[in-house]
J.: 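I'd like to ask you about the structure that follows.
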Amino acid sequence: MALIVQKYGGSSVADAESIKRVAKRIVETRKAGNDVVVAVSAMGDTTDELLDLAAAVTPIEAPRELDMLMTAGERISMALLAMAIKGLGVDAQSFTGSQAGVVTNATHGAARIVEVSPRRVKEAVAAGAVAIVAGFQGFSKETAEVTTLGRGGSDTTAVALAASLDADVCEIYTDVDGIFTADPRQVPLARKLDAITSEEMLELAASGAKVLHLRAVEFARRHGVTLHVRSSFSDQTGTIVYDPANGIPEGVNMEESIINGIASEKNEAKITVVGVPDAPGRAAAIFDIVGRADVNVDMIVQNVSRADTASTDISFTVPVADGRRVIELLKNHGDVIEYSSLQYDDQIAKIAVVGAGMRTNAGVSAKLFRALYEAGINIDMISTSEIRISVVTRADVLDKALQALHTAFGLDADTEAVVYAGTGR
Ligand code: ADP
Ligand code: ASP
Ligand code: MG
């Protein structure tokens with residue numbers, strides 16, 4: 001008998017019919033002789049709708065209340081799913097994050113899991129029931145408050161449960177057939193991958209491929225959990241996310257391609273600090289202030305110093321949600337930083353091309369720059385890691401840039417990818 005952890009995303013449980021369909025799938029897995037633990041997301045776009053409601057009530061920030069509000073979404077789907085399974089004659093019990101022992105730090109809206117003690121989940125499974133756990137939520141022992149793990153965090157709930165229960169399989173069910181070479185909603189000819197290394201998936205998730213929550217991939221890597229990302233709308237095999245350090249999973253052929261995926265992000269803004277004195281400690285002063293505000297800085301570019309003024313410009317990108325706050329901070333610290341002006345641009349897009357093959361193949365950047373040039377697309381900023389090249393372009397040319405790169409790197413499939421459901425919100 002195997003222990004299988006399954007995670008169902010919002011579009012897989014969007015309405016009563018979908019919940020019944022998912023319940024059937026879970027029951028089949030259970031009846032095949034497996035123990036089953038399920039992590040479930042809120043129905044459809046519930047989380048977004050709850051956030052819209054909050055914004056309609058007041059513009060003030062109330063992180064604790066927002067978490068109370070958002071966790072209600074998963075509470076609805078977990079109870080309905082448990083009922084639907086019971087309706088099919090199999091016992092099921094739902095648990096909130098705190099009941100399932102998902103302990104996090106105290107950061108509302110982006111809590112990190114610090115420990116999972118799923119005693120009640122184990123008891124339910126031992127008693128023959130399917131355990132349904134509300135995704136994306138936990139509680140902080142420190143503050144005794146309910147927390148959420150950040151948007152898309154149900155994936156992380158599933159991986160954390162799989163790790164702590166030492167599950168045999170962790171399946172992430174979503175609205176596409178697996179992980180593709182690009183988001184099929186943006187690049188229709190995106191090709192499904194049979195497998196991808198967790199290292200590459202980490203770069204893709206960090207660069208905006210929301211098919212998997214970044215922390216879920218980190219967690220899986222740290223705890224040696226192999227993932228199977230697949231569709232809840234078909235029976236097709238999906239994509240295996242694995243760490244070659246733990247051996248190649250059965251049936252997986254290592255991809256030969258140099259580039260395995262392209263991801264993009266529109267939710268960043270570029271800030272340019274103009275006229276910074278070209279002297280030691282100036283960059284440190286800027287990023288010290290930004291860092292203390294807990295803002296994640298992504299790309300950083302410093303221009304060549306101007307001989308006439310001995311000053312330079314420093315540009316960097318931050319999440320758009322933090323952009324205005326960073327500008328205010330820089331304005332308020334004009335005495336320590338020194339600059340002549342600030343520029344703010346939120347009409348940018350970041351594109352990342354990822355592939356472990358970059359380590360051993362020269363010429364990837366040349367191909368990328370040529371493809372963008374031939375498509376008439378200007379590059380604003382560039383940054384690289386060992387297996388990733390990222391560029392910033394104007395937001396309005398994003399789709400064209402993605403297409404051009406996807407074709408240039410030979411990733412186009414023969415037929416269009418299927419997107420089964422969801423609004424892509
Ligand atoms: P769920 O509700 O199941 O968690 P998400 O919307 O969070 O689903 O993630 C699935 C979506 O991720 C897909 O519908 C697709 O639009 C998007 N996506 C982005 N990049 C990729 C990729 N490389 N492969 C597959 N899907 C991707
Ligand atoms: N419901 C949450 C969200 O929409 C968590 C998840 O779906 O993973 O972000
Ligand atoms: Mg998701």
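Just follow the structure's listing: the first ligand is 1, and inside any ligand the first atom is 1. All heavy atoms count here, side chains included; hydrogens, waters and symmetry mates do not.
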J.: Answer yes if the side chains of Ser198 and Arg221 hold a donor-acceptor pair under 3.5 Å, and no otherwise.
T.: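 Short answer, yes.
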J.: Output yes when the distance from some N or O of ligand 1 to some N or O of Asp175 is under 3.5 Å, and no in every other case.
T.: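 Min N/O separation from ligand 1 is below 3.5 Å for Asp175.
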J.: Centre of Phe219's six-membered ring, under 6.0 Å away, within 45 degrees of the axis: is that where NZ or CZ of Arg112 sits?
T.: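 Not satisfied by the 6.0 Å and 45° rule.
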J.: Name the closest protein heavy atom to atom 5 (C) of ligand 2, giving the residue it belongs to and the distance to 0.1 Å.
T.: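 Scanning the protein heavy atoms, the shortest distance from atom 5 (C) of ligand 2 goes to Phe136 CG, 3.4 Å.
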J.: With a cutoff of 4.0 Å, is Gly10 in contact with ligand 1, counting heavy atoms of the residue only?
T.: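 Checking ligand 1 against Gly10, which is what was asked, there is a heavy-atom contact under 4.0 Å.
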J.: Quick one: look at Ala182 and ligand 1, take heavy-atom pairs under 4.0 Å, and tell me if it's side chain, backbone, both or neither.
T.: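 Ala182 to ligand 1: backbone contact only, side chain stays beyond 4.0 Å.
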J.: Gly178 heavy atoms, cut-off 4.0 Å: which ligand 1 atoms fall inside?
T.: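 Under 4.0 Å from Gly178, ligand 1 has these atoms: 24 (N), 25 (C).
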J.: In the protein, what heavy atom is nearest to atom 24 (N) of ligand 1, and what distance, to one decimal place, separates them?
T.: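 Heavy-atom neighbour on the protein nearest atom 24 (N) of ligand 1: Phe180 N, 2.9 Å.
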J.: Check this for me: Tyr420, atom OH, are more than 12 non-hydrogen atoms of other residues, nucleotides or ligands nearer than 6.0 Å?
T.: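 Buried by this count: over 12 neighbours within 6.0 Å.
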J.: Gly152 near ligand 2, heavy-atom distance under 4.0 Å?
T.: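 Yes, Gly152 has a heavy atom closer than 4.0 Å to ligand 2.
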J.: Tell me whether Gly73 reaches ligand 2 (any heavy atom closer than 4.0 angstrom to a ligand atom).
T.: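 Flag not set, Gly73 not near ligand 2.
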J.: Would you mind checking which non-hydrogen protein atom is closest to atom 3 (C) of ligand 2, with the distance to 0.1 Å?
T.: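 For atom 3 (C) of ligand 2, the nearest protein heavy atom comes out as Arg151 NE, 3.4 Å.
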J.: Under 4.0 Å, counting heavy atoms only: does Pro184 come that close to any atom of ligand 1?
T.: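 Distance cut 4.0 Å: Pro184 passes for ligand 1.
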J.: Of the non-hydrogen atoms in Gln99 and Thr96, which two are nearest, and what is the gap between them?
T.: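 Looks like OE1-N, 3.0 Å.
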J.: Could you go step by step and tell me if Asp177 and Ser234 meet the side-chain hydrogen bond (donor to acceptor under 3.5 Å, both in side chains) rule?
T.: CA-CA 8 Å; Asp177 276 318; Ser234 83; 2.9 Å; yes
J.: Going by the order shown, which atoms of ligand 2 are within less than 4.0 Å of some heavy atom of Ser41?
T.: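 Once the distances to Ser41 are compared, the set is 6 (C), 7 (O), 8 (O).
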J.: Heavy-atom count around Arg325 CZ within 6.0 Å, excluding the residue itself: above 12?
T.: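 More than 12 within 6.0 Å, yes.
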J.: Do you know which two heavy atoms are closest between Ser154 and Ser41, and how far apart they sit?
T.: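 Looking at all heavy atoms of both residues, the shortest contact is OG-OG, 3.1 Å.
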J.: Step by step, would you call Thr239 with Phe180 a side chain to side chain contact (heavy atoms under 4.5 Å, CB included)?
T.: CA-CA 8 Å; Thr239 305; Phe180 285 70; over 6 Å; no
J.: If you count the atoms of ligand 1 from 1 in the order shown, which ones are under 4.0 Å from a heavy atom of Ile179?
T.: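 Heavy-atom distances to Ile179 below 4.0 Å select 24 (N).
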J.: Mark up the atoms of ligand 2 that fall under 4.0 Å of a heavy atom belonging to Glu74, in ascending order.
T.: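 What qualifies from ligand 2 is 1 (N), 2 (C), 5 (C).
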J.: What residue and atom, counting heavy atoms only, is the protein's closest point to atom 27 (C) of ligand 1, and at what distance?
T.: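 Answer for atom 27 (C) of ligand 1: Val211 CB, 3.5 Å.
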J.: If the contact criterion is a heavy-atom separation under 4.0 Å, does Lys7 count as touching ligand 1?
T.: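 Yes; Lys7 lies near enough to ligand 1 that a heavy-atom distance drops under 4.0 Å.
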J.: Can you establish whether the number of heavy atoms outside Glu28 located under 6.0 Å from its atom CD is more than 12?
T.: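 It does: Glu28 CD has more than 12 such atoms within range.
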J.: For the residue pair Tyr173 and Tyr8, categorise the inter-ring angle as parallel (less than 30°), tilted (30 to 60°) or perpendicular (more than 60°).
T.: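 Parallel, since the angle between the ring planes stays under 30°.
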J.: Got a sec: does the CD of Glu61 have more than 12 other heavy atoms crowding it under 6.0 Å?
T.: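 No, CD of Glu61 has 12 or fewer neighbouring heavy atoms, counting only those of other groups under 6.0 Å.
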J.: Does Ser41 reach ligand 1 with a nitrogen or oxygen that is under 3.5 Å from one of the ligand's nitrogen or oxygen atoms?
T.: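 No, Ser41 has no N/O under 3.5 Å of an N/O on ligand 1.
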J.: Identify, for atom 21 (C) of ligand 1, the protein heavy atom at the shortest distance, and state residue, atom and that distance.
T.: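 Protein heavy atom at minimum distance: Asp183 CA, 3.7 Å.
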J.: Non-hydrogen atoms of Val419 versus ligand 1: any pair closer than 4.0 Å?
T.: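 Contact check Val419 vs ligand 1: negative.
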J.: Tell me which protein heavy atom sits closest to atom 6 (C) of ligand 2, plus the residue, atom name and distance to 0.1 Å.
T.: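 Nearest protein contact, heavy atoms only, for atom 6 (C) of ligand 2 is Ser154 OG, 3.3 Å.
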J.: How about CZ on Arg394, more than 12 heavy atoms from neighbouring residues, nucleotides or ligands closer than 6.0 Å, or not?
T.: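 For Arg394, atom CZ is crowded (more than 12 foreign heavy atoms under 6.0 Å).
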J.: Heavy-atom distances under 4.0 Å are what count here, so tell me which part of Lys210 touches ligand 1: side chain, backbone, both or neither.
T.: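 The part of Lys210 near ligand 1 is both the backbone and the side chain.
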J.: Of the protein's non-hydrogen atoms, which lies at the shortest distance from atom 3 (O) of ligand 1, and what is that distance?
T.: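 Closest protein heavy atom to atom 3 (O) of ligand 1: Thr174 OG1, 2.7 Å.
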J.: Dump the intermediate steps for side-chain hydrogen bond (donor to acceptor under 3.5 Å, both in side chains) on Thr147 and Asp67, then the final yes or no.
T.: CA-CA 6 Å; Thr147 55; Asp67 274 358; 5.5 Å; no
